[in-house]
Amino acid sequence: MKVLEGKSVFGGIAIGRISFFDRGESQVVRRHIEDSQAELTRFEEAREQAKTELQGLYEKALQEVGEASAMIFEVHQMMLDDLDYVESVTNMIETQKINAEFAVAHTGDNFSQIFSSMEDDYMKERAADVKDISNRIIRILQGRETGGLDSGEPVILAAEDLAPSETVQLDKSKVLSFVTHLGSTNSHTAILARTMNIPALIGVDLDKSMEGKMAVVDGFAGKLYVEPEEDILSDYREKKAKEDKKRELLQNLKGKENITKDGKKINLYANIGGVGDIASVLANDAGGIGLFRSEFLYLESDTYPTEEEQFKAYKTVAETMAGKKVIIRTLDIGADKQVDYFQMEKEENPAMGYRAIRICLDRVEIFKTQLRAIYRASYYGSIGIMFPMIISVNEVKRIKEIVEEVKAELDEQGILYGEVELGIMIETPAAALISDLLAKEVDFFSIGTNDLTQYTLAIDRQNPKLDSIYDSHHEAILRLLQMVVDNGHKENCWVGICGELGADTTLTETFLKMGFDELSVTPSMVLPVREQIRNVILS
């Protein structure tokens, strides 16, 4: 047995034989040509055929994986019209009197190297796109058919890398999992894999000797077991059976309302930590996003993310959710989430220190940059903003002043934005106790039960020695929850839970009786909570 480590693109378990992707490639040879005009015509005809093929792929992807993921094929069509790319190929054919295949291959390599050397991750990913469109033109010029998967049974598909076009063209019924050596978690191929709900690993050290061998892909742990021992194979078969049952639950509950047997409805949303989680939100049929942890943009960067970088992320989520509510939590770093470039001093008690909204109100320009990005993105969907670690009415009033300044700046620049609901997280006892006053200032409350529990019980939730007395069902917590709901509703302020307690199905009925309007949970818990809601009888 051989165990190989990789990086997970999408979770899940796959068991089957390994089959390497057949790209159907042939060597590109440099040839001298006499009639450069005829060769230019060949190139132009191949380029037009490539655009036609890509339009077909776009329409296919649109049906299978949605508009956001299908857009890569529109990008590829635009790249085929890129003046620099076209001029490079035509210039080589005319001046060097060489065949179109070699000119395209050489240009593709040059442009790919240029993109690969760039520091920006998004631009680096374009290297694979250039190679993809170049290989497509070469294949057409050589009169070859597309490569693919040659197997009569479903397999674990292995490859050095997979281009987006190759992924979409595959017969999905024959693919159990993707395993590649190259690629990144942010590549279009990775996004497509997540959208298709196929377990996938990247960064795996593959070799062709694995062809045809039995294997297990653990998309949760990021491992590939080649020729697994019988006890491991048996263990993973059991795990896969449990996963299949979850999928069956998905099919049974997808599209159903979150409504009790006696008619009480509740919004059931999902929590996400980044753009890559959207596929899981959609797959689990969440009604919206109740907590978008925006700090991932800061944690994954070596410097402050720009307004444009943030705007692109928020816009992608808003568009993909297609009008469903997306609630973005503003920057929440500090405590257990430290970022070096913020250069914050070491604190004795960071959980109650310089963090979250306290940083934003102190470093207003950072805050404004984020707010501008969110408001710009609000034009493309239904967005709400919530502010973490609130302890006073004065904080909320100051936040609203800054929001108005940002809106005034956007108005002055003629930048459009939508209607944005403003809310706060109730995660301190102070906020819970003055929730009657805070409700007059905002549109909604979202309760962060994790922090609210630790602050109310004076228990550090990071300390494993205190696990036995960390009780999120404590009567004090439940009383605070009821107080917040009652105070919010008196001022027409809707109230939800975005902390882990929201996914505790032993409390679902209690939350419904308390009057909560919304629960936001991890995507994988949406359907179990929906099942619980639909089994409740309140009256």
Side-chain angles (χ1 to χ4, degrees), residues 1-26 60 64-65 128 132 135 144-185 187-248 250-251 279 283:
M1 179 180 75
K2 185 183 290 186
V3 183
L4 302 174
E5 300 280 343
K7 191 169 185 179
S8 176
V9 168
F10 190 78
I13 294 168
I15 302 172
R17 297 194 179 278
I18 294 174
S19 179
F20 277 82
F21 183 77
D22 176 18
R23 197 159 267 122
E25 293 177 338
S26 63
K60 186 173 188 290
E64 292 184 0
V65 295
D132 195 12
N135 288 336
R144 290 186 287 107
E145 295 296 319
T146 56
L149 176 60
D150 183 19
S151 175
E153 63 177 2
V155 294
I156 294 169
L157 186 62
E160 182 72 5
D161 196 6
L162 282 167
S165 57
E166 293 169 339
T167 309
V168 168
Q169 289 176 98
L170 289 169
D171 179 354
K172 308 304 181 301
S173 67
K174 297 289 180 64
V175 182
L176 301 171
S177 171
F178 293 143
V179 180
T180 66
H181 177 56
L182 301 177
S184 81
T185 55
S187 67
H188 288 290
T189 304
I191 294 168
L192 286 168
R194 286 193 290 264
T195 308
M196 293 170 191
N197 295 325
I198 298 174
L201 302 179
I202 60 173
V204 180
D205 191 13
L206 300 165
D207 67 73
K208 288 291 183 73
S209 68
M210 298 174 188
E211 176 72 39
K213 291 183 177 178
M214 180 60 69
V216 172
V217 174
D218 186 338
F220 301 110
K223 291 183 178 181
L224 172 67
Y225 296 84
V226 183
E227 295 187 309
E229 295 169 359
E230 191 55 42
D231 60 332
I232 290 176
L233 191 57
S234 177
D235 183 41
Y236 271 104
R237 280 176 177 147
E238 286 184 23
K239 289 179 179 178
K240 188 175 186 306
K242 290 179 180 177
E243 284 298 309
D244 290 343
K245 282 185 179 179
K246 287 182 181 179
R247 290 190 180 186
E248 189 177 334
L250 168 65
Q251 294 305 315

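Evaluation of the salt bridge (charged side-chain N to carboxylate O under 4.0 Å, His left out) rule for K240 yields D244 as partners, not counting sequence neighbours. With sequence neighbours left out, the side chain to side chain contact (heavy atoms under 4.5 Å, CB included) criterion links D207 to K2, S209, M210. Scanning for salt bridge (charged side-chain N to carboxylate O under 4.0 Å, His left out) contacts around R237 gives E230, with sequence neighbours left out.
Put simply, the side chain of H181 gets close to the backbone of V204: a donor and an acceptor are under 3.5 Å apart.
Between M1 and E229, the shortest heavy-atom contact is SD-N, 3.5 Å. Minimum interatomic distance between P199 and I13 (heavy atoms only, all atoms of both residues): CG-N, 3.9 Å. Here the shortest heavy-atom pairing between T180 and E160 reads CB-O, 3.9 Å.
A distance of 11.5 Å separates OG of S177 from CD1 of I15, quoted to the nearest 0.5 Å. Interatomic distance, CD of E243 versus CD of E238, reported as 13.5 Å (0.5 Å rounding).
With I156 as reference, V179 is the one residue of L201, V179, V175 to meet the side-chain contact (heavy atoms from CB on, under 4.5 Å) rule.
The shortest distance between side-chain heavy atoms of F178 and V9 does not fall below 4.5 Å.
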Would you tabulate the side-chain donor-acceptor contacts of residues 211-218 under 3.5 Å, counting partners in other chains and residues two or more places apart, or write 'none'?
unit_1 : atom_1 : unit_2 : atom_2 : d
E211   : OE1    : F20    : N      : 2.9
D218   : OD1    : F220   : N      : 2.9
D218   : OD1    : A221   : N      : 3.0
D218   : OD2    : Y236   : OH     : 2.6

